[in-house]
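I have placed the structure first, in the form of structure tokens, so that the comments after it can refer back to it.
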Amino acid sequence: MADLHNVCTEGGLYTRQGTLPTDITDPEYLRFKAAQEKTERDLIERLRFEVDVDEHLKN
């Protein structure tokens, strides 16, 4: 997440309002964004496994 933030900051990708445009095509940004999204999915999957939330939802 910090790497993605650094890419956005150093690359001047943030708007004046502090948001990111939706049409960014910078390859480095896209690479870090994909890595962040994968990490979030992996974390959620692991947490669901650890608390066995899916098993509890079946009951």
Kindly compute the distance separating OH (Tyr14) from CG (Leu20), expressed to the nearest 0.5 Å. 5.0 Å
State plainly whether the residues Glu50 and Arg46 are in salt-bridge range, i.e. N to O under 4.0 Å. yes
Quick one: do the Gln17 and Thr15 side chains pair a donor with an acceptor below 3.5 Å? yes
Could you grab the distance from atom OG1 of Thr39 to atom CG of Leu4, nearest 0.5 Å is fine? 10.5 Å
Backbone N or O of His5 within a donor-acceptor pair of the Thr9 side chain at under 3.5 Å? yes
Below 3.5 Å, can you tabulate the donor-acceptor pairs from side chains in residues 27-38 to any protein atom, sequence neighbours excluded?
unit_1	atom_1	unit_2	atom_2	d
Gln36	NE2	Glu40	OE2	2.8
Lys38	NZ	Asp42	OD2	2.6

Do Val51 and Leu47 touch side chain to side chain, with heavy atoms closer than 4.5 Å? no
